[in-house]
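Every value quoted in this text rests on a predicted model; they were computed, and no experiment measured them.
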Amino acid sequence: MLYVVNHEIQSKKGHKMRSIASLPNSALLFYAFFTYLMLRITAQYIPIDTDVAFLRIKQEYIGMWHYRVAFFAHVFTAIVTLVAGFTQFSTPLRRKFPVVHRWSGWAYAAVVLLVAGPSGFVIGWYANGGWSSQMAFCLLAILWMGFTGLAIKSIREGDIAAHRRWMIRSFALTLSAITLRAWKFAIVAVLEPRPMDVYRVVAWLGWVLNLVVAEWWIRKNQR
Amino acid sequence: MKIDHLPFALLLTLFACNESQPNQNQTPAVNQLTAEQPAPAAQPTTDMYVGDFLAVDFDSKKNISYTNKITIAIESAANGVIKGFSVVAGNSRPFNGTFTETGNTLNATAREPGDDKYDGVFTFQLHRDSQTVTGTWKANDRKLGVTKRSFDLKKRNFKYDPTLEMEEADVMDEAGYRVQFYQNLSESEGEPDYAEAMTSDALKFNASKTLLRKEDIENMHKGDLEVIRNAIYARHGYSFKNRRMRYVFDRVDWFMPISTNITQELTDLEKKNIDLLKRYEQHAERYYDSFGR
């Protein structure tokens, strides 16, 4: 699908905003590649096994049913939220198939608010690396649900500009699944720090920077 | 002869083979009477000698180990016949042969069975006064990487001691670099990565003595986890087939290879620690420097 450069759209409040739809195909290919990597991570957990991959070092928690439920719920649903990157930010797609935008949008919000967000909070509570990582992941879950909820509220009130702002923030946090891992890869390749030290850093770096970029993007496109 | 004395009498005859009997000139009847209170039979003891097994004739183009730690065990040496076994580089092989005695020195030539690719012939002197064994070994297969090795071993009794630990000197080499898991005689390019070397973290825990918690080891590099785990095996006298770990533990003074299978000897504490360490090693192996988690 070709993303045509289309710059100016009138928001409800009359601000001219540039749509994210001006992303070139290469960026989307990039995104598709990382989505594929995330799918491969998810695939490790099929068939369901409590002593595989990441769970190999979470054995002290898998005895708790709420941890098991939260972990597998998160692993199998959070990946779905990445699909929004393909469907929600394309202006031509929104124009031609607004129904797709709405249905995918509801699906995205439902997954985040009902499953992936709460389960993320639960497993974040038991995160590796101590209190700092636990705080990082729990805060991430809260903000993810908060922004998504506010985005739904905005569009139900008809405030498109606010809806876009909150969804940009929400999606910035969705992207943290990818950016956290990318940072980890880069930091280890360059500095070779101890494993939990890296983890404690990327637990924050993986999403806080995304929000900073999201804010910059929002402000930039409001002028 | 009473039937229930028969087993004792038979047992004693087993030990009669190589040892001289103190009451040989007594009549069989007297022997049977003394069988009621069996005298402590002279048990054959196995004497072990440990040291470096150095390459003397070798093909430097091949990927060889210039030195390995070896234990030579002499199970019996009587009537000109010598029997024993050697443990080195993950191989435990029996040998037997003949010997002569000159004063306080025993000169022996002993062959390994010959059905293993690495079998050969030992020629050595056992010096009773200095309690040492010196000699050479020649491979049967002249096409091997190393065809002749020499050794100068000291007598040592092996005893499992869970308190044995490595020291700083075992972790760093003479030049002050982290010990790499491989004897790299070619120029090494820069520092080895943390999966193929150890740091002083490897000294932090004795996994044969302390039950490890995940907080203890979750922030350690793979190389250190591997050394902490393999130190358990080393304490039991495990002879490493894995060249990397062999290189680490051959350098340690107290290390003495005596067996190629020590899994039955592991304590419950050690087994728990091994499980935990393996999990984190595996995690590091698969995820430390990759995108996935």
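- Residue contact with chain B, scored on non-hydrogen atoms closer than 4.5 Å, is absent for A/Ala189.
- With a 6.0 Å radius and a threshold of 12 heavy atoms from other residues, nucleotides or ligands, B/Asn157 has its CG atom at or below the threshold.
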Would you enumerate the inter-chain donor-acceptor pairs between chain B and chain A whose distance is below 3.5 Å?
residue  : atom : partner  : partner atom : Å
B/Asp201 : OD1  : A/Arg194 : NH2          : 3.2
B/Asp201 : OD2  : A/Arg194 : NH1          : 2.8
B/Asp201 : OD2  : A/Arg194 : NH2          : 3.0
B/Lys214 : NZ   : A/Glu60  : OE1          : 3.4
B/Lys214 : NZ   : A/Glu60  : OE2          : 3.1
B/Lys214 : NZ   : A/Tyr61  : OH           : 3.1
B/Asn219 : O    : A/Arg194 : NH1          : 3.0
B/Asn219 : OD1  : A/Met196 : N            : 2.7
B/Asn219 : OD1  : A/Asp197 : N            : 3.1
B/Asn219 : ND2  : A/Asp197 : OD1          : 2.9
B/Arg279 : NH1  : A/Asp51  : OD1          : 2.8
B/Arg279 : NH1  : A/Arg56  : O            : 2.8
B/Arg279 : NH2  : A/Asp51  : OD2          : 3.1
B/Gln282 : OE1  : A/Arg56  : NE           : 2.9
B/Gln282 : OE1  : A/Arg56  : NH2          : 3.3
B/Tyr287 : O    : A/Lys184 : NZ           : 2.6
B/Tyr287 : OH   : A/Gln44  : OE1          : 2.6
B/Tyr288 : OH   : A/Glu192 : O            : 3.4
B/Tyr288 : OH   : A/Pro193 : O            : 2.5
B/Ser290 : O    : A/Lys184 : NZ           : 2.7
B/Gly292 : O    : A/Lys184 : NZ           : 3.1
B/Arg293 : NH1  : A/Tyr199 : OH           : 2.7

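- Within a 6.0 Å radius of OH in B/Tyr118, no more than 12 heavy atoms belonging to other residues, nucleotides or ligands are found.
- Every salt bridge (charged side-chain N to carboxylate O under 4.0 Å, His left out) that B/Glu165 has, sequence neighbours left out, goes to B/Lys209.
- Counting non-hydrogen atoms of other residues, nucleotides and ligands closer than 6.0 Å to CZ of A/Phe185 gives a total of 12 or fewer.
- Using a 4.5 Å cut-off between heavy atoms, A/Ile187 makes no contact with chain B at all.
- For chain B, the nearby parts of A/Ile57 are the backbone and the side chain; heavy atoms of each come within less than 4.5 Å.
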